[in-house]
Amino acid sequence: MTHCAALSRFKAITAIIIATLVMTGCSHSVDDERVPYCEVHLSFTTVAEWNLYGVKGDAADYRRYIKAAGITEPAGFPYKAADHTGYSGLLLVSDVMGNLIAYDLACPYDPNPAVRLEIPEGEIFARCPKCGSTFDIYTNHGNPRSGPAADRGYALQRYSVTSGGALQYRVITR
């Protein structure tokens, strides 16, 4: 084999390897962007407010936040004018390591702002009351477990949870 032929073969093999890596490295196993865009901003201004209305950091702790026409959850939460709870509401959980994770309450299989995920008593997953899909919210970042959302690879929409600045203790944003 000549030097030119060997170099051409090396270039061809390298191109195939790079193309394979790009194609497999950029693929997603789940689609977590099916919920329509809506503003998300929820802030807890003090530690006391967080202790009263936030999640405690225990494994499998959760709370729902809904600020919509005629619905305010949790009752008594001091929503501010700038607060927005996403498309269907927010689900804030504390995972098995105590990390905070926020999801939209909409099922990604058939997003509807009036249909909100539920967490059955004593269970460790969220369930859509309409299609029956279940989602792993404590250990697998909202990935689907069963139902039509799992069949199609539709995961829950996630949001950011950060520590706030001087005037905010915790903030959930898009």
Side-chain angles (χ1 to χ4, degrees), residues 28-45 49-162 164 168-174:
H28 295 286
S29 59
V30 295
D31 179 354
D32 60 357
E33 296 181 8
R34 292 190 36 81
V35 174
Y37 179 87
C38 279
E39 291 295 321
V40 175
H41 184 272
L42 185 64
S43 63
F44 299 84
T45 55
E49 187 175 272
W50 177 259
N51 288 338
L52 187 58
Y53 294 108
V55 294
K56 304 299 184 242
D58 300 330
D61 193 12
Y62 75 93
R63 182 159 272 178
R64 292 167 25 133
Y65 302 88
I66 303 168
K67 180 184 171 191
I71 302 172
T72 302
E73 190 179 324
F77 183 78
Y79 284 104
K80 298 150 201 74
D83 288 340
H84 302 279
T85 57
Y87 183 69
S88 192
L90 295 172
L91 175 63
L92 180 64
V93 303
S94 179
D95 72 8
V96 295
M97 300 301 290
N99 300 311
L100 298 173
I101 304 171
Y103 304 102
D104 199 287
L105 282 168
C107 177
Y109 174 69
D110 185 14
N112 179 332
V115 177
R116 295 178 176 93
L117 297 174
E118 300 170 346
I119 301 175
E121 185 68 35
E123 297 293 338
I124 59 168
F125 56 87
R127 176 184 304 277
C128 174
K130 184 176 178 184
C131 74
S133 294
T134 60
F135 302 89
D136 190 340
I137 56 173
Y138 295 114
T139 59
N140 205 10
H141 306 293
N143 285 334
R145 294 173 29 115
S146 65
D151 294 342
R152 294 204 169 82
Y154 297 160
L156 297 179
Q157 174 68 50
R158 287 186 60 183
Y159 301 119
S160 299
V161 181
T162 59
Q168 296 175 327
Y169 178 67
R170 296 263 193 251
V171 181
I172 300 171
T173 57
R174 188 164 187 93

request  = Could you tell me which residues satisfy salt bridge (Lys or Arg N to Asp or Glu O under 4.0 Å) with Arg127, sequence neighbours excluded, listed by chain and number?
outcome  = none
Could you check whether any side-chain heavy atom of [X] comes within less than 4.5 Å of a side-chain heavy atom of [Y], counting everything from C-beta outward?
{"X": "Pro144", "Y": "Thr134", "value": "no"}
{"X": "Arg34", "Y": "Pro111", "value": "yes"}
{"X": "Leu117", "Y": "Cys107", "value": "yes"}

Which pair of heavy atoms, one from [X] and one from [Y], lies closest together, and at what distance?
{"X": "Val40", "Y": "Gly86", "result": "CG2-CA, 3.6 Å"}
{"X": "Ile66", "Y": "Gly89", "result": "CG1-CA, 4.2 Å"}
{"X": "Leu156", "Y": "Pro108", "result": "CD2-CD, 3.7 Å"}
{"X": "Pro78", "Y": "Asp83", "result": "O-OD2, 4.4 Å"}
{"X": "Ile172", "Y": "Val161", "result": "CG1-CG2, 4.1 Å"}
{"X": "Leu105", "Y": "Leu90", "result": "CD1-O, 3.6 Å"}

inquiry  = Once side chain to side chain contact (heavy atoms under 4.5 Å, CB included) is applied, do any residues pair with Thr173, and if so which ones, sequence neighbours excluded?
reply    = His41, Ser160, Val171
request  = Determine which pairs satisfy ring-ring contact (aromatic ring centres under 6.0 Å, His included) with at least one residue from residues 70-97, sequence neighbours left out, and list them in order.
outcome  = Phe44-Phe77, Tyr53-Phe77, Tyr65-Phe77, Phe77-Tyr79
key: Pairs involving residues 100-146, ordered by first then second residue, that meet ring-ring contact (aromatic ring centres under 6.0 Å, His included) (sequence neighbours left out)   =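 ring-ring contact (aromatic ring centres under 6.0 Å, His included) check on residues 100-146 returns no pairs.
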How many angstroms lie between atom [atom1] of [X] and atom [atom2] of [Y], to the nearest 0.5 angstrom?
{"X": "Glu49", "Y": "Gln168", "atom1": "CD", "atom2": "CD", "answer": "10.0 Å"}
{"X": "Arg158", "Y": "Asn143", "atom1": "CZ", "atom2": "CG", "answer": "9.0 Å"}
{"X": "Asp104", "Y": "Gln157", "atom1": "CG", "atom2": "CD", "answer": "6.5 Å"}
{"X": "Asp151", "Y": "Ser146", "atom1": "CG", "atom2": "OG", "answer": "9.0 Å"}
{"X": "Ile101", "Y": "Leu91", "atom1": "CD1", "atom2": "CG", "answer": "10.0 Å"}

Ile71 atom CD1: more than 12 heavy-atom contacts under 6.0 Å = yes
query = What residue among Leu92, Val55, Asp95 forms side chain to side chain contact (heavy atoms under 4.5 Å, CB included) with Asp61?
reply =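 One option only clears the test, and that one is Val55.
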task = Kindly say whether Ile119 contributes a backbone atom to a donor-acceptor pair with the side chain of Glu123 at under 3.5 angstrom?
result =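 No, Glu123 side chain to Ile119 backbone: no donor-acceptor pair under 3.5 Å.
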query = Counting distance only, does the side-chain N/O of Asp136 pair as donor-acceptor with the main-chain N or O of Thr139 below 3.5 Å?
reply =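 Looks like yes, one N/O pair under 3.5 Å.
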message = Could you walk me through whether Val35 and Ser88 satisfy the side-chain contact (heavy atoms from CB on, under 4.5 Å) test, starting with their C-alpha distance in whole Å, then the side-chain angles of each, then the deciding distance to 0.1 Å, before giving a yes or no?
response = CA-CA 9 Å; Val35 174; Ser88 192; over 6 Å; no
Under the side chain to side chain donor-acceptor pair (under 3.5 Å) test, residues paired with Ser94 that sit two or more places apart =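 None.
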task = Using the side-chain hydrogen bond (donor to acceptor under 3.5 Å, both in side chains) rule, collect all pairs that involve residues 110-120, keeping only residues at least two apart or in two chains.
result = Asp110-Lys130
query = For the salt bridge (charged side-chain N to carboxylate O under 4.0 Å, His left out) test, which of Arg64, Lys67, Arg63 pairs with Glu73?
reply = Arg64
